[in-house]
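Values in this document were obtained by computation on a predicted structure and should not be read as measured data. Naming: A, B, ... by sequence-line order, numbering from 1 per chain.
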Amino acid sequence: MALSVATWNVNGIRARLDTVADWLGRAAPDIVALQEIKIADEGFPAEPFERLGYNVATHGQKSFNGVALLSRLPLEDVSRGLPGDDGDHQARYIEAVVSAGAGGSVRVASLYLPNGNPPDSDKYSYKLAWMDRLNRHAADLLALEEAFVLAGDYNVIPADGDVHDPAAWAGDALCLPETRARFRALANLGLRDALRACDWRAGQYTFWDYQAGAWQKNNGIRIDHLMVSPQAADRLNAVTIARAERGGEQPSDHVPVVAEFDFQGASR
DNA sequence: ATGGTAGCCTCGCTA
């Protein structure tokens, strides 16, 4: 069966409710990983999404961060928080198993990796530690030898082709060698950057700052990624960046990225 | 030219 998985940093689900519902109605993705919902679980407006046919699981907090999963198929075994640090209470990770009927199942996570700026602060050491934890968790998931997708706002610009002005961004927490090394380490475990599995063109951005006319000048960066296990990469058909959504009414500063899989037959 | 904008629900922080 065909299955589409989208990731979208919405920058506040309350402010973006109409924008997100409108896109879901048009694009009809099967599974959606949302980031920066900026609301506690009890305040999440689940009903508009349920009316559109989605099951909803959230891991939110007041004002900042917050992630969610929407799925047309049932969400099972939902787990909240990235393993590896019981003292970390920032809401940046949710994972669930989506049962795809006779086609098997696919595990999906929505993650919001720390921004890390400025690089000389404890925010950057938190980012690097968070990436180390993510890589350890990914290694644990790989041992299951199942199809899975780690989708989200990674706050990582993987390579210079993913930023409009590499020199200007070289010292940013999204670009620094220590950041990129950890992102490469995730790939070296065996995960595939879904877009790069399908398409190597430079300049395919997923974020344009609200400030300084970044969208009008196409001053973008690519930081929203779907990292997929080998079992999922084998089923990957196409990846689309919904670039037009940046130009709509009340846009997020990020646009959706959608990966399409074909899980025909049993998952290997 | 060290600006600019958006969300949250504050008198500033985060991005």
Whether over 12 other heavy atoms sit under 6.0 Å from D165(A) CG: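 Buried by this count: over 12 neighbours within 6.0 Å.
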Heavy-atom neighbours of D85(A) CG exceed 12 at 6.0 Å: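 Result for CG/D85(A): enclosed.
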For R180(A), side chain to side chain donor-acceptor pair (under 3.5 Å) partners two or more places apart: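 Result, side chain to side chain donor-acceptor pair (under 3.5 Å) vs R180(A): D160(A).
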Residues that R26(A) engages under side chain to side chain donor-acceptor pair (under 3.5 Å), provided they are two or more places apart: D22(A), E245(A)
Taking the [atom1] atom of each, how far is [N] from [M], in whole Å?
| N | M | atom1 | answer |
| --- | --- | --- | --- |
| dA6(B) | dC11(B) | P | 22 Å |
| dG3(B) | dG7(B) | P | 22 Å |
| dC9(B) | dT5(B) | P | 22 Å |
| dA15(B) | dG4(B) | C1' | 13 Å |

Pairs meeting criterion ring-ring contact (aromatic ring centres under 6.0 Å, His included) with involvement of residues 48-74 of chain A, two or more places apart: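 Sorted result for residues 48-74 of chain A: F44(A)-F49(A).
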Under 4.0 Å protein heavy-atom contact, by nucleotide of nucleotides 2-9 of chain B - B base, S sugar-phosphate only: --BBSSSS
Proximity to DNA chain B (any heavy atom under 4.0 Å), residues of residues 112-131 of chain A only: Y112(A), N115(A), K123(A)
Under 3.5 Å side-chain donor-acceptor pair for Q204(A) and D162(A): no
Integer-rounded Å distance: dT14(B) P and Q61(A) CD: 12 Å
Counterpart residues, ring pair (Phe, Tyr, Trp, His ring centres under 6.0 Å), relative to F261(A) (two or more places apart): F263(A)
Touch class at under 4.0 angstrom, heavy-atom based, for R92(A) against every strand present: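 Sugar-phosphate only.
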CG-CG distance between L113(A) and N155(A), expressed to the nearest 0.5 angstrom: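 Rounded to the nearest 0.5 Å, the CG-CG separation comes to 6.5 Å.
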